[in-house]
Engineer: 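First the structure, then my questions, so here it is.
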Amino acid sequence: MKIKSSELILNPDGSIYHLNLRPENIATDIIFVGDQYRVDRITKHFDNIEFSTQKREFKTTTGTYKGKRLSVISTGIGPDNIDIAINEIDALFNIDFETREIKKELTSVNIVRIGTSGSLQADIPVNSFVLSQYGLGLDNLMRSYVIDEIINVPMEDAFIKHTNWDLRKGRPYFVQNSPELEAKLASDLTYTGITGTAGGFYGPQGRVLRLAIQDPELNHKIDNFKFENYRVTNFEMETSAIYGLCKLLGHHAVSLNTIIANRANGTFSEDPYAAVDKLIIYTLDKLAQ
């Protein structure tokens, strides 16, 4: 079936609409960052650069690191941008732009998020690394798709009961990472657990400036949530969307975060830039192995 031009939008040069990429411009191993300026902080370590482009907040650079071909893409902040980035990446590999038909042989890619986050647990210190085994979606993005086969319903039900979750905000969901990619990236330097993905930075993450929030005790409830051996380690704004879309599309994904703030004890990293740089080198070396 031919995909309509209103659904698969291409630029005049044949690149996909938001990312501004053609299929030959992107590697099968991809690093996601939120901040467009972090792309250069990663690719300055590359052996060479073969391609770079930017449209809006979406900046992409492709090159090699220790002989490994990699692409680094900035997505901006939030699950809505992840929806754009992953759907367009999948299209670059799995839709023929000439015929506008889905390819018979599909390509699976690896996506690793390098981000910053705040820890919800007192024993996960600032400057440490968290590898997300599950994404906890508090954002509702994935509810626009058919996700019944990829979510952990018992974990979902337990979370709703434990937090007395108000379903007017939408139903939370849990999606696992790629165990294969986790095995490649995990080490004794990484903490593991559930990463909560919020739809905003202030109220959705329990921050209060001038506006009252729906449940002032929610963060404390989330801190204390446990399911089997899993607990919620940190909050950010992309992981559950990355995991959900990659699961549905047949890609592999893992989210790695440098903890720059500890919400439980009120501490903040004295040098968050250095902490992020350590995670960058850690991730590049793991992917190049």
Engineer: Do the side chain of T233 and the main chain of I194 share a donor and acceptor less than 3.5 angstrom apart?
Structural biologist: yes
Engineer: Donor-acceptor pair, Q121 side chain versus A264 backbone, under 3.5 Å?
Structural biologist: no
Engineer: Pairing donors with acceptors under 3.5 angstrom, does anything connect the side chains of S240 and Y173?
Structural biologist: yes
Engineer: Less than 4.0 Å between a side-chain N and a carboxylate O, is that true for R171 and D157?
Structural biologist: yes
Engineer: Are side-chain heavy atoms of I26 and I73 found at a separation under 4.5 Å?
Structural biologist: yes
Engineer: Please check: side-chain N/O of H162 versus main-chain N/O of K221, any donor-acceptor pairing under 3.5 Å?
Structural biologist: yes
Engineer: Closest heavy-atom contact between A288 and K66?
Structural biologist: CB-CB, 4.1 Å
Engineer: Identify whether the distance between the nearest side-chain nitrogen and carboxylate oxygen of D40 and K59 falls below 4.0 Å.
Structural biologist: yes
Engineer: Is E88 paired with K55 through a side-chain N to carboxylate O contact shorter than 4.0 Å?
Structural biologist: no
Engineer: Between T267 and N262, does any side-chain donor sit less than 3.5 Å from a side-chain acceptor?
Structural biologist: no
Engineer: Would you call the rings of F46 and Y65 parallel, tilted or perpendicular, taking 30° and 60° as the class edges?
Structural biologist: tilted
Engineer: Under the side-chain contact (heavy atoms from CB on, under 4.5 Å) criterion, do I111 and C246 qualify, and how do the steps go?
Structural biologist: CA-CA 8 Å; I111 295 177; C246 283; 3.9 Å; yes
Engineer: In terms of hydrophobic clustering (I, L, V, M, F, W, Y; side-chain heavy atoms under 4.5 Å; direct or indirect links), are L284 and L131 co-clustered?
Structural biologist: yes
Engineer: Got a second to check how far N234's CG is from L136's CG, nearest 0.5 Å?
Structural biologist: 10.5 Å
Engineer: From the options Q133, E182, K247, H252, select the one residue that forms a side chain to side chain donor-acceptor pair (under 3.5 Å) with N177.
Structural biologist: E182
Engineer: What's the spacing between L92 CG and I30 CD1 if we round to 0.5 Å?
Structural biologist: 8.5 Å
Engineer: Would you say M237 ends up clustered with I84 if hydrophobic residues are merged whenever their side chains have heavy atoms under 4.5 Å apart, either directly or through other cluster members?
Structural biologist: no
Engineer: In terms of hydrophobic clustering (I, L, V, M, F, W, Y; side-chain heavy atoms under 4.5 Å; direct or indirect links), are I114 and I260 co-clustered?
Structural biologist: no
Engineer: Taking the side chain from R143 and the backbone from P172, do they hold a donor-acceptor pair closer than 3.5 Å?
Structural biologist: yes
Engineer: Are L21 and S15 side-chain neighbours, meaning at least one heavy-atom pair lies under 4.5 Å?
Structural biologist: no
Engineer: Pick from D223, I124, N224: which one makes a side-chain contact (heavy atoms from CB on, under 4.5 Å) with R231?
Structural biologist: I124
Engineer: I'd like to check I222 versus F235 (side-chain heavy atoms, cut-off strictly below 4.5 Å). Are they in contact?
Structural biologist: yes
Engineer: Give the ring-plane orientation class for F159 versus W165, where under 30° counts as parallel, over 60° as perpendicular and anything between as tilted.
Structural biologist: tilted
Engineer: Any ion pair linking D29 and K184 (charged N to carboxylate O, less than 4.0 Å)?
Structural biologist: no
Engineer: Just so I know, are the side chains of F268 and V126 near enough to count as touching, which here means a heavy-atom distance under 4.5 Å?
Structural biologist: no
Engineer: Within the 4.5 Å heavy-atom criterion, are T28 and N110 side-chain neighbours or not?
Structural biologist: no
Engineer: Taking the side chain as everything from C-beta on, heavy atoms only, tell me whether M155 gets closer than 4.5 Å to Y134.
Structural biologist: yes
Engineer: Hey, is R41 close enough to D35 for a salt bridge, meaning N to O under 4.0 Å?
Structural biologist: no
Engineer: If you define the side chain from C-beta out and look only at heavy atoms, does anything of I242 sit under 4.5 Å from T197?
Structural biologist: no
Engineer: Would you call the rings of Y282 and F129 parallel, tilted or perpendicular, where under 30° means parallel and over 60° means perpendicular?
Structural biologist: tilted
Engineer: Can you hop from F174 to L245 via hydrophobic side chains spaced under 4.5 Å?
Structural biologist: no
Engineer: With distance as the sole criterion, is a donor-acceptor pair present between the side chains of T60 and Q54 under 3.5 Å?
Structural biologist: no
Engineer: When you group the ILVMFWY residues by side-chain heavy-atom contacts below 4.5 Å and let the links chain together, are F201 and F32 in the same group?
Structural biologist: no
Engineer: Would you say that N81 contacts F58 through its side chain, given a criterion of any heavy-atom pair below 4.5 Å between the two side chains?
Structural biologist: yes
Engineer: Start with the C-alpha distance between D215 and K169, add both sets of side-chain angles, then the distance that settles salt bridge (Lys or Arg N to Asp or Glu O under 4.0 Å), and finish with yes or no.
Structural biologist: CA-CA 11 Å; D215 185 353; K169 296 189 293 186; 5.8 Å; no
Engineer: Quick one: pull up OH in Y17 and CG in L10 and give me the separation to the nearest 0.5 Å.
Structural biologist: 11.5 Å
Engineer: Nearest 0.5 angstrom please: L19 CG to N87 CG, how far?
Structural biologist: 10.0 Å
Engineer: Any chance you could measure T43, atom OG1, to N48, atom CG, to the nearest 0.5 Å?
Structural biologist: 11.0 Å
Engineer: Counting only N and O atoms by type, is there a donor-acceptor contact under 3.5 Å from the side chain of S255 to the main-chain atoms of R113?
Structural biologist: no
Engineer: Enter the distance from I86:CD1 to E238:CD here, rounded to the nearest 0.5 Å.
Structural biologist: 10.5 Å
